[in-house]
2 protein chains.
Amino acid sequence: MATEATPPPVRRVPLSRDRVLRTAMSVADAGGLDMLTMRTLGQELGVGPMALYRHIANKDDLVDAIIDLVFAEIGLPPTDADWMTAMRERAISVRDALLRHRWAVPLMESRRHPGPANLQHHDAVIGCLLGAGFDMAMAAHAYSVLDAYIYGFALTKMTLPFETGEEVAEVAQTMLQPFPLNAYPNLAAFITEHAMKPGYDYGDEFAFGLDLILDGLEERARQPA
Amino acid sequence: MATEATPPPVRRVPLSRDRVLRTAMSVADAGGLDMLTMRTLGQELGVGPMALYRHIANKDDLVDAIIDLVFAEIGLPPTDADWMTAMRERAISVRDALLRHRWAVPLMESRRHPGPANLQHHDAVIGCLLGAGFDMAMAAHAYSVLDAYIYGFALTKMTLPFETGEEVAEVAQTMLQPFPLNAYPNLAAFITEHAMKPGYDYGDEFAFGLDLILDGLEERARQPA
DNA sequence: ACCTGAACACCGTTCAAGT
DNA sequence: ACCTGAACACCGTTCAAGT
């Protein structure tokens, strides 16, 4: 074997907090939060699990940090549009980010140490509503109902054991098999007449609820308390 | 010491699936899902972790079963009321059950093997909407927006790192401390002028969004598609 | 029939050690 | 300065063994 002047620099890209965080995010995207362990993350980066502790304090700090990466992907509400357009665009941007990073849904509003992207996002949404003439109580109402709907929709979409009409047919079969035929007639009708239809996608329901809520907010914002 | 004719029957209440499930639920209620391990559950019941496998197939089967216990606590929509009253009462009953069993929120709609209480609940809700004259597509819209809102609200309430106005003050302090003063002016105003007020409780927001959604559904149900 | 003990392949994290 | 190996106190689950 020829003697090398320098050792092969194959894996010698040095670790950095940024590289740790981006790799952690992609591991969670691919396999869910359960797959994101210090051991698998180290493996993905070509180091032992303990090497990570030079760049993050502990796993909670890691989660704090990658949640802020998700917030950073969400577009702030545009300032050159009416509040309804701005809130609709923001809602769609949040939903899209949550569907790209499903593991993040239950964690987004849970942080005791929110990052700057998180805080800036909340600040911009409140600013948009106040700027449109909402008083503080009405802004709180609006933010609450919008985010509850967006997070709940993302949670349901992410946890439902089916997505398309074909998958519904498959899953419904095994779900109803242990029970007497027609024990749940309304549910059966819902499945066969609606959810099993070829074009069915639960995700399509998002727009209906979003517009309903935006319309309701406009009505209520026009009336004084 | 006196010799006993029979050994002390202190811990000899025999295990049963029902006792395992109810104890599992109370362990999760007290300490969250992370606290519910085969080892802690066994300890609570006075047996080793392996004794549980005689009554449940594995941990997923255990979770399936206790989720159905949560569904069993939810009142079905009353059949002697108009749909709006029935759906409002059902929504409040779901919310109450989820706040009693916070660990259950992300799991309610995730089961590949739903139990009878789960299926009966879905059947009754769809039946209520169809009975009120909703067509199938409109019933799907209504169910989607209502449950997304209820689950999202419960998720947010359960994960928010504060509840009362006093807790907000405490948490906001540590949240904003790392950042320049007044970096987030709208958020700061929201906190000081609204969330830190003595009577504040995020949970009070539930009714506003629920009524907004029910009103919007009534409007849309009256118009033909 | 019902429960146990030891074992296996995993966790997050600490601590002393290597280069 | 940066990374590692061994260890500790945990997981869910299997399997052979005890009564």
Side-chain angles (χ1 to χ4, degrees), chain A residues 3-25 27-28 30-67 103 106-107 110-113, chain B residues 4-25 27-28 30-67 103-104 106-107 110-113:
Chain A
T3 46
E4 298 276 353
T6 54
V10 188
R11 263 279 173 213
R12 291 303 79 182
V13 186
L15 236 46
S16 70
R17 183 170 167 92
D18 188 69
R19 217 155 72 80
V20 168
L21 298 184
R22 305 215 163 269
T23 306
M25 196 173 192
V27 168
L33 253 196
D34 289 349
M35 208 68 280
L36 179 60
T37 71
M38 303 307 256
R39 282 164 171 85
T40 58
L41 179 53
Q43 200 165 16
E44 199 72 16
L45 289 161
V47 299
M50 307 73 61
L52 304 169
Y53 284 87
R54 201 147 277 280
H55 301 97
I56 56 173
N58 49 44
K59 198 175 178 187
D60 214 54
D61 177 43
L62 174 65
V63 171
D64 277 344
I66 60 178
I67 287 292
W103 52 270
L107 302 173
S110 72
R111 302 292 92 194
R112 298 195 102 85
H113 300 287
Chain B
E4 298 275 353
T6 54
V10 186
R11 264 279 173 213
R12 291 301 79 184
V13 186
L15 236 45
S16 69
R17 182 170 167 94
D18 188 69
R19 218 156 72 80
V20 169
L21 298 184
R22 305 216 163 266
T23 306
M25 196 174 192
V27 168
L33 253 197
D34 288 349
M35 209 69 280
L36 178 59
T37 71
M38 303 306 257
R39 281 166 170 85
T40 58
L41 179 53
Q43 200 165 15
E44 198 72 14
L45 289 161
V47 300
M50 306 71 62
L52 304 169
Y53 285 87
R54 201 147 277 281
H55 301 96
I56 57 173
N58 49 43
K59 198 175 179 188
D60 214 54
D61 177 42
L62 174 64
V63 171
D64 277 344
I66 60 178
I67 287 292
W103 51 269
L107 302 173
S110 72
R111 302 292 92 194
R112 297 195 101 85
H113 300 287

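These values consider heavy atoms only, across backbone and side chains, with no hydrogens, waters or symmetry-generated copies. Residue numbering restarts at 1 for every chain, and letters A, B, ... go by the order of the sequence lines.
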Enquirer: So if I apply the side-chain hydrogen bond (donor to acceptor under 3.5 Å, both in side chains) rule between Asp64(A) and each of Arg111(A), Lys59(A), His113(A), which one comes out positive?
Expert: Arg111(A)
Enquirer: In whole angstrom, give the distance that lies between atom CG of Leu52(B) and atom P of dT14(D).
Expert: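 Spelled out: CG on Leu52(B) to P on dT14(D) is 13 Å.
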Enquirer: Measuring from atom OG1 of Thr23(A) to atom CD of Glu44(A), what distance do you get when rounded to the nearest 0.5 angstrom?
Expert: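 Atom-to-atom, Thr23(A):OG1 and Glu44(A):CD are 7.0 Å apart.
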Enquirer: Measure CZ/Arg19(A) against C1'/dC3(D) and give the value in whole Å, please.
Expert: 14 Å
Enquirer: Using a 4.0 Å heavy-atom cut-off to protein, can you give one letter per nucleotide of nucleotides 6-13 of chain C, 5' to 3': B if the base is in contact, S if only the sugar-phosphate is, - if neither?
Expert: -B---BBB
Enquirer: What's the separation between atom CH2 in Trp103(A) and atom CE in Met35(A), rounded to the nearest 0.5 Å?
Expert: 15.0 Å
Enquirer: Provide, to the nearest angstrom, the distance between the NE2 atom belonging to His55(A) and the P atom belonging to dA1(D).
Expert: 13 Å
Enquirer: Nearest 0.5 Å please: distance from the CE atom of Met50(A) over to the CZ atom of Arg39(A).
Expert: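 Answer rounded to 0.5 Å: 8.5 Å.
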Enquirer: Roughly how far apart are Leu52(A) CG and Asp61(A) CG, rounded to 0.5 Å?
Expert: 11.5 Å
Enquirer: Rounded to the nearest 0.5 Å, how far does CG of Leu21(A) lie from CD1 of Ile66(A)?
Expert: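 The CD1 atom of Ile66(A) sits 8.0 Å away from the CG atom of Leu21(A).
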Enquirer: Could you tell me how far apart Arg54(A) (CZ) and dT14(C) (P) are, to the nearest whole angstrom?
Expert: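 Checked: the CZ to P distance equals 14 Å.
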Enquirer: DNA chain C in dot-bracket, Watson-Crick or G-U pairs under 3.5 Å, [ ] crossing, | other strand?
Expert: ||.|||||...|||||.||
Enquirer: Could you grab the distance from atom OG of Ser16(B) to atom CZ of Arg22(B), nearest 0.5 Å is fine?
Expert: 9.5 Å
Enquirer: So Leu15(A) and Arg19(A), side chain to side chain contact (heavy atoms under 4.5 Å, CB included) or not? Walk me through it.
Expert: CA-CA 6 Å; Leu15(A) 236 46; Arg19(A) 217 155 72 80; 3.6 Å; yes
